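Contents: one structure, followed by commentary.
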Amino acid sequence: MKTESNADLTHFNTFAFPCDAKVLYSIDSDEDLPLLRQELRNAPCLILGGGSNFLLPEKLDCAVAHINIKGKKLVNENDRRCLLEVAAGENWHEFVQWTVSQGLWGIENLALIPGSVGAAPVQNIGAYGVELSNVIDWVEFYHLKTGEFIRLTPGECQFSYRQSIFKTELKDAAVITRVGLRLTRTPNPQLDYGPLQSFQHSDNLTPAFIAAKVAEIRQSKLPDPGVLGNAGSFFKNPIISDEHYRVIKQAFPDVIAYPQQKQWKLAAGWLIEKVNFKGLRKGAVGVHQHQALVLVHFGGGKSEQLLALAKEIQQTVQSTFGVLLEKEVRTYPFCG
Ligand code: FAD
Ligand code: EPU
């Protein structure tokens, strides 16, 4: 296990805000985890993957563990499915590319999502009509409190929209080490989501083709963090009651919403655009011009400026629509 004191995390977060961490541990293998537990002696520790869903403070007074465990393999295969095992420190998009190059179906719609495999179950990553929970077989983690390696079934992970047990009961206590995925060689294209519908009648669809189309669509509206600091959608799309939806629909007939059993999921990007924040810049931070749900850092700014902008957006959306936008990006304070 490598250890670095007063580590600079500027390049460990896709917002590229400067952050000075008290101590940074690099976890390269399962064997490092009991050592980490010994070092921490129950003190809080922030578990870090690619830093693409974090807003970090200028100074972080707790330990940070960067998960860098590598490896992937096909565990077994029958005529219905392939079971794959992949380690937490693998890059998610590179893993998707590898599966589609093998002709495997299941995660092609999740192409180009930044970050690590280990973080993917934490918020149950989702895009273009597919969620990770659709293909998860198990999630393995190391429990920092008890020192055990444990495997959870998808049911035990309590997955829902941008949610799992790793954000609640097991928050900051479970270091995800490996994930088991069930993919298939039988064609199973998921093309119901808006811009993908035009491929529904195409012949000879392959997972690689769909992954490439998803990547194209994403590149046309989401900023590349390598060029412009961001962490994807800053807020979740809010889910509201049918009664509340009717009130909004009456006042704003063009509201964009999707039915969810007896509730509605509102397009937060639409709400933010409607209150005129889209494309707005405040010094070093702002709202992306093509996607109002994405807050951006132009460089040279501080994360407090972005937090202040996020708060202003929340207050304006709340007073206009009576809807509280919940943050999707993890913001400080941590370590508590
Ligand atoms: P980090 O940001 O490092 O961590 C995120 C959370 O996971 C933290 O709470 C952290 O403590 C925890 N964590 C990280 N690794 C582990 C581990 N090994 N064990 C336990 N906990 C861990 N998300 C989507 O769902 N869909 C999208 O379409 C999408 N698009 C995006 C587009 C852009 C341009 C960007 C910048 C982000 C986007 N995201 C999207 C958000 C982000 O990519 C995902 O949340 C991703 O899974 C975060 O991975 P990470 O390794 O960077 O996690
Ligand atoms: N919209 C607007 N104005 C905007 C942005 C969007 O009116 O500025 C409208 C669009 O026209 C569309 C609807 O809102 O009708 C939905 O927009 P989009 O398809 O771009 O998706 P989203 O709901 O904004 C969600 C995820 C993304 C994911 C995409 C594709 C959340 C919080 N975000 O965004 O995930 O990539 O769907 O599936 O659920 C992320 O989590 O970081 C992320 C990028």
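Start at 1 with the first residue, then count along the sequence. Please read all numbers here as calculations on a predicted model, not as lab measurements. Atoms within a ligand are numbered from 1 in the order they appear, just like the ligands themselves.
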Closer than 4.0 angstrom: is that true for some heavy atom of [X] and an atom of ligand 2?
| X | answer |
| --- | --- |
| F234 | no |
| K274 | no |
| H288 | no |

Taking only heavy atoms of [X] into account, list the atoms of ligand 1 that are under 4.0 Å away from them.
| X | result |
| --- | --- |
| V175 | 19 (N) |
| G51 | 1 (P), 2 (O), 3 (O), 50 (P), 52 (O) |
| R162 | 24 (C), 25 (O), 26 (N) |
| A127 | 28 (O) |
| G126 | 24 (C), 25 (O), 26 (N), 27 (C), 28 (O) |
| A174 | 19 (N), 20 (C) |
| A231 | 35 (C), 36 (C), 37 (C) |
| F54 | 1 (P), 2 (O), 3 (O), 4 (O), 8 (C), 10 (C), 11 (O) |

- prompt: Is the charged tip of K265 near the ring of Y161: under 6.0 Å from the six-membered ring centre and within 45° of its axis?
  reply: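 Ring-cation test returns yes.
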
task: Would you check whether K236 has a nitrogen or oxygen atom less than 3.5 angstrom from a nitrogen or oxygen atom of ligand 2?
output: no

message: Assess whether a salt bridge exists between E328 and K236, defined as any Lys/Arg side-chain N lying under 4.0 Å from an Asp/Glu carboxylate O.
response: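 A salt bridge is absent here (no side-chain N lies under 4.0 Å from a carboxylate O).
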
query: Of D137, N76, T184, which is the lone residue that meets side-chain hydrogen bond (donor to acceptor under 3.5 Å, both in side chains) with R81?
result: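 Passing option: N76.
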
- prompt: With a cut-off of 6.0 Å (strictly less than), are more than 12 heavy atoms of other residues, nucleotides or ligands near CD of Q200?
  reply: yes

field: Sidechain-backbone polar pair: N237 side chain, A268 backbone, donor-acceptor under 3.5 Å
entry: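 Indeed, once roles are kept as given, a pair shorter than 3.5 Å links the two residues.
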
message: I'd like to check whether Q123 has a polar contact with ligand 1, where a contact means an N/O of the residue lying under 3.5 Å from an N/O of the ligand.
response: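 Looking only at distances, the answer is yes, because the N/O contact criterion of under 3.5 Å is met.
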
